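Presented below is the structure to which this report refers.
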Amino acid sequence: MRRPSPQRLIGGMHASFNLAALFDAALKTAATATGLDAADFAPEVRTADPKHGDFQANGVLPYAKRTKQTPRALAEKLVAALPADVREACAITVAGPGFINFTLQPAALQSWLRTFSTREQLSAGAATAYSGQTWVVDYSSPNTAKQMHVGHLRSAVIGESISRLLAFSGAKVIRDNHIGDWGTQFGKLIWAYKRQLDTAAFAEDPLAEFERLYKVGNNASDADPAVLKEAQQELVKLQSGDPENTAIWKEIGEVSVSSFQQIYDLLGVRFDTTLGESFYNDKVGRVYQELTDCGLASESQGALVVFHPEHPRFKDQPFLVRKSDGAANYASTDLATILYRREHFHADAAIYVIDSRQGDHCQQLFLTAQKWFEKTGRKVPRLEHVAFGTVLGEDGRPLKTRNGDNIKLKDLLSEAVERARRLVDEKSTDLPEDERRVISEVVGTGSVQYADLSQNRSSDYLFSWDKMISLEGNTAAYLLYAVARVRSIFRKLEAVPGDSAVEADASPLETPEELSLARKVTKFSDAVALATNQLRPHFLCLYLYELAGEFSTFYAANKVAVDDPAVRARRLMLCARTLLMLETGLDLLGLRTVNRM
RNA sequence: GCAGCUGUAGCUCAACUGGAUAGAGCGUCGCACUACGGAUGCGAAGGUUUGGGGUUCGACUCCCUACAGCUGCACCA
């Protein structure tokens, strides 16, 4: 019988896109062969510190403990039972108290590089993880009639990246912009719109004018009860379908959405649907009915509320699903939304990329929906609050302008582009004007996105212009620069990245820098899986940063443009794969790249 | 008052949710190279992971406790 070569093992199987998963499965098999209780044994293979190897299995220790065995002896037994092809593809050692370390042989590394040479191949490899699942991602979700400010940045940026990651991993993703286009504020706004619309200001910046009008209406209502009454009348008229008020409301919505779109275009944000609160206006009646029928909701102080007796806090803190005046609130529409997402989109999961301050609301919402669906025999989708912290200024307080206003997202992004422009003008004097403009946009907005994404989303983060655009350390510019440098090599050598005719001549990887870079490249799959499973893009950022670092080290030590065609070919292959992972990864984060900068 | 989140090097952040000697960048100090793009690379110093207990082969991670900061708690979304 012909023994499979390492090349066949690593290169031949699509499942081996994720090598950690491959070794995990191999250990599972070995466990069964050795007579272990495979159901109880989780190998826990993950990427390792390079000084130990490429991957490490941690699962032997807890299993050995449960079954009262010696961890090291058990580990040795498992290693011996691994298939010959796995043992041929890597050096395997048992270390410390009972870790199993896998270090890929150079030939196996090279084989992986040959197999995964295009975005399509990466995508095919990754897409097995979430195939068949439908995920609704609820993100951005600003209110109409208001300009987006810095507080809206994180949801848009993080939500977009998570959507891309899920889609790349094979999920069917519905990106839903759940805009706040319904509510009591429209009474005051319409009242002021009818009396004090400044057409010149409206033509200049309609959203700013709406925002001003709302303040006018709000102040007037506060000052004069008669005005408040009139505003409430306007709201009632809107809700009962009055043609004039409906037309105004529609205009507000349309103007708002097209203004949001300008920002989304800059950030690479794209929605599949924009179903705002108004869409669910006629769907809340069913929610009240069902919740009451199944005994979850009851009247309290005139309002319809849900308590959760088993919960330490929500046994007393009500979830208010209908106000005492009979009107819906955001709990009502959020519940109707979950139902719609299940019935219409057949969502297996719905995730909410919202500020962590909404934690209580989300918990109550999810608990209520879960019980409601169980009682009515519906499948409960996975519901998750993808929470994130606040953007802080350098004083540690929420980021504001000098006079205490919210910073407009539009202004923030244009300042980022301006700052990037100053840098481009300084560093890249030889590039033509229109190219410099594009580079400034990509670097400027990319820096804002990356600064947000590269940090663990659950904590607040400090916004610092200098750190963000300073181009050193874990920043967008460092990664974009690495991309530009790789591209420059191909330009100079008049080669095309991933040219298989060239790569066929490659000799085996040899230098420490080549091997180290190749090892990092193969970890791409793991980084994507980690970021996707945890819904935390910063894991991917960290990986890309380390990859760019490995490349820079390689680049400084190993010249690509050498005379020996076999050496040149293998280094070109490394450059091509580095480029592929950087570009694919940056795209998954929602960033664009440039050829030169 | 109740609850949630956070506390890691001078500063800004990681640490794959219990794994091996807690890692980066900035700043500081030192080094390399007329470079296939210097928006570079290599190195040094810098830590009682807020304090105190506990759980176990193993704890930044889990539990208890104290302290500090942020946030949320009935009709705004």
Side-chain angles (χ1 to χ4, degrees), chain A residues 20 44 46-49 51-52 56 58 61-62 64-65 71 95-99 101 141 143 180 182-185 277 300-305 312-314 316-325 327 329-331 333-334 355-361 363 387 389-390 392 394 396-398 423-424 426-428 443 454-456 458-462 464 466-467 470-475 477-478 480-482 484-493 526-527 529-531 533-534 536 538-539 541-543 545-546 549 552-562 568 571 575 596-597:
Chain A
E44 289 181 39
R46 58 183 60 175
T47 56
D49 187 318
K51 67 192 164 204
H52 297 127
Q56 65 181 62
N58 296 334
L61 285 145
K65 184 177 169 60
F99 302 110
N101 292 332
S141 306
N143 290 329
W182 200 250
T184 50
Q185 73 270 26
E277 284 161 355
S300 168
Q301 300 175 28
L304 192 64
V305 301
R313 198 149 24 101
F314 304 142
D316 300 317
Q317 186 180 319
F319 190 49
L320 204 84
V321 298
R322 188 183 61 204
K323 303 197 288 182
S324 54
D325 64 3
N329 63 0
Y330 76 138
T333 50
D334 279 354
D355 195 305
S356 58
R357 283 176 295 190
Q358 309 250 358
D360 274 10
H361 169 73
Q363 261 195 64
T390 311
L392 304 176
E394 299 198 53
R397 306 291 310 161
L423 221 87
V424 172
E426 178 191 323
K427 306 261 183 191
S428 313
V443 174
S454 59
Q455 200 154 128
N456 191 334
S458 32
S459 41
D460 294 346
Y461 93 89
L462 215 74
S464 158
D466 292 340
K467 291 209 172 64
S470 79
L471 317 178
E472 278 161 350
N474 190 1
T475 59
Y478 182 79
L480 294 173
Y481 178 65
R485 259 202 324 195
V486 181
R487 286 217 163 116
S488 163
I489 294 173
F490 284 101
R491 264 201 308 277
K492 193 132 285 183
L493 299 183
D526 195 70
L530 191 60
N533 296 338
Q534 313 263 340
R536 292 181 192 275
H538 81 282
F539 286 116
C541 294
L542 184 65
Y543 167 77
Y545 173 56
E546 287 172 352
S552 294
T553 304
F554 157 80
Y555 178 89
N558 297 179
K559 196 174 169 93
V560 178
V562 291
R568 183 195 278 221
R571 291 184 180 165
C575 289
R596 303 189 287 185
M597 61 188 277

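Keep in mind the model is a prediction, meaning the values are calculated, not measured. Sequence lines set the chain letters: A, B, ... in the order given, protein chains first and strands last, and positions in each chain run from 1.
Closest to the side chain of A:Arg357, from the set B:rC36, B:rG37, B:rU71, is B:rU71. With B:rA74, B:rG37, B:rU12 as the choices, the nucleotide that has an atom nearest any side-chain atom of A:Gln301 turns out to be B:rA74. Comparing atom distances between the A:Arg313 side chain and each of B:rA3, B:rG41, B:rG72 picks out B:rA3 as nearest.
Aromatic stacking of A:Tyr555 on B:rC36: satisfied, with centres closer than 5.5 Å and planes within an angle under 30 degrees.
Nucleotide B:rG41 holds its P atom 15 Å from the CG atom of A:Asn558, rounded to whole Å. What separates OH of A:Tyr330 from P of B:rA74 is a distance of 11 Å, to the nearest Å. Taking atom CG of A:Asp466 as the reference point, atom P of B:rC26 lies 14 Å away to the nearest angstrom. Nucleotide B:rG72 holds its C1' atom 5 Å from the CG atom of A:Asp360, rounded to whole Å. B:rC13 atom C1' lies 14 Å from atom CG of A:Leu392, rounded to whole Å. Atom CG of A:Asp316 and atom P of B:rG1 are 17 Å apart (whole Å). Distance A:Gln317 CD to B:rG1 C1': 13 Å, rounded to the nearest Å. As rounded to whole Å, 11 Å separates atom C1' of B:rC2 from atom CZ of A:Phe314.
One P atom belongs to B:rA66, the other to B:rC2, and the distance between them is 11 Å to the nearest Å. Nucleotides B:rU17 and B:rA35 are separated by 44 Å at their C1' atoms, to the nearest Å. Rounded to whole Å, the separation between the P atoms of B:rC70 and B:rU12 comes to 15 Å. Comparing the C1' positions of B:rU56 and B:rG19 gives an interatomic distance of 13 Å, to the nearest angstrom. One P atom belongs to B:rC31, the other to B:rA68, and the distance between them is 47 Å to the nearest Å. Taking atom C1' in both B:rU50 and B:rG1, the straight-line distance is 25 Å, to the nearest Å. Annotation: B:rC29 and B:rU34 have their P atoms spaced 25 Å apart (nearest Å). Here, B:rA15 and B:rG51 have their C1' atoms 23 Å apart, quoted to the whole Å.
Residue A:Arg313 comes nearest to A:Asp360 through the heavy atom pair NH1-OD1, 2.8 Å, listed as atom of the first residue, atom of the second, then distance. The two residues A:Ser552 and A:Arg485 come nearest to each other via the heavy atoms OG-NH2, 3.2 Å.
Every residue two or more places apart in sequence or in another chain that forms a side chain to side chain contact (heavy atoms under 4.5 Å, CB included) with A:Asn456 is listed here: A:Ser458, A:Arg536, A:His538. With sequence neighbours excluded, the residues forming a side chain to side chain contact (heavy atoms under 4.5 Å, CB included) with A:Ser464 are A:Glu394, A:Asp466, A:Lys467, listed by chain and number. Looking at residues two or more places apart in sequence or on another chain, you find a ring pair (Phe, Tyr, Trp, His ring centres under 6.0 Å) between A:Tyr555 and A:Phe551. The ring pair (Phe, Tyr, Trp, His ring centres under 6.0 Å) search around A:Tyr545 returns A:Tyr478, not counting sequence neighbours. Contacts of A:Arg46 classified as side chain to side chain contact (heavy atoms under 4.5 Å, CB included), with partners at least two apart in sequence or in another chain: A:Glu44, A:Gln56, A:Asn58. Looking at residues two or more places apart in sequence or on another chain, you find no ring pair (Phe, Tyr, Trp, His ring centres under 6.0 Å) involving A:Phe490. Among residues two or more places apart in sequence or in another chain, the ring pair (Phe, Tyr, Trp, His ring centres under 6.0 Å) test is passed with A:Tyr481 by none. Contacts of A:Asp325 classified as salt bridge (Lys or Arg N to Asp or Glu O under 4.0 Å), with partners at least two apart in sequence or in another chain: none. For A:Ser300, the side chain to side chain contact (heavy atoms under 4.5 Å, CB included) criterion is met by A:Val305, not counting sequence neighbours.
Of the inter-residue distances, the one linking A:Gln358 atom CD with A:Asp334 atom CG reads 8.5 Å to the nearest 0.5 angstrom.
Looking at heavy-atom distances under 4.0 Å, A:Arg322 makes no contact with the nucleic acid at all. A:Val305 comes within 4.0 angstrom of a base, heavy atoms only. Among the protein residues, A:Gln363 comes within range of no part of the nucleic acid, since none of its heavy atoms lies under 4.0 Å from any strand. Across all strands shown, A:Ser428 has heavy atoms under 4.0 Å from base atoms, whether or not it also approaches the sugar-phosphate. Across all strands, A:Asp334 comes closer than 4.0 Å to no nucleic acid atom at all (heavy-atom distances). Among the protein residues, A:Ser488 comes within range of the nucleic acid bases, having at least one heavy atom under 4.0 Å from a base atom. Note on A:Ala327: nothing from the nucleic acid sits closer than 4.0 angstrom, heavy atoms only.
Nearest-nucleotide mapping onto RNA chain B: of A:Asp325 and A:Arg596, the residue sitting toward the 5' end is A:Arg596. Map A:Ala561 and A:Trp182 each onto its nearest nucleotide of RNA chain B; the residue landing nearer the 5' end is A:Ala561.
In this structure, A:Leu542 and A:Phe539 have side chains that are not in contact, with every pair of non-hydrogen atoms separated by 4.5 Å or more.
The phosphate of B:rG37 (OP1 or OP2) has a side-chain N or O of A:Lys492 nearer than 4.0 angstrom. In terms of phosphate contacts, A:Ser552 brings a side-chain nitrogen or oxygen within less than 4.0 Å of OP1 or OP2 of B:rG41. Between A:Lys467 and the phosphate of B:rC26, there is no side-chain N or O to OP1/OP2 separation shorter than 4.0 Å.
Taking 90° from 0 as the syn/anti boundary, the base of B:rU17 is oriented syn.
Judged purely by atom type and a 3.5 angstrom limit, A:Asn329 uses its side chain to pair as donor or acceptor with the backbone of A:Leu320.
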Between the protein and nucleotides 65-70 of chain B, list every N/O to N/O distance that falls short of 3.5 Å.
none

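Ring-plane geometry between A:Phe319 and A:His361 is classed as tilted, the angle between the planes lying from 30 to 60 degrees on a 0 to 90 degree scale.
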Heavy-atom protein contacts under 4.0 Å, nucleotides 14-24 of chain B, coded B base, S sugar-phosphate only, - none: SSBB-BB---S
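Stems are defined here as 3 or more consecutive Watson-Crick or G-U wobble pairs with pairing distances under 3.5 Å; those involving RNA chain B are B:1-7 with B:67-73, B:10-13 with B:23-26, B:28-32 with B:40-44, B:50-54 with B:62-66.
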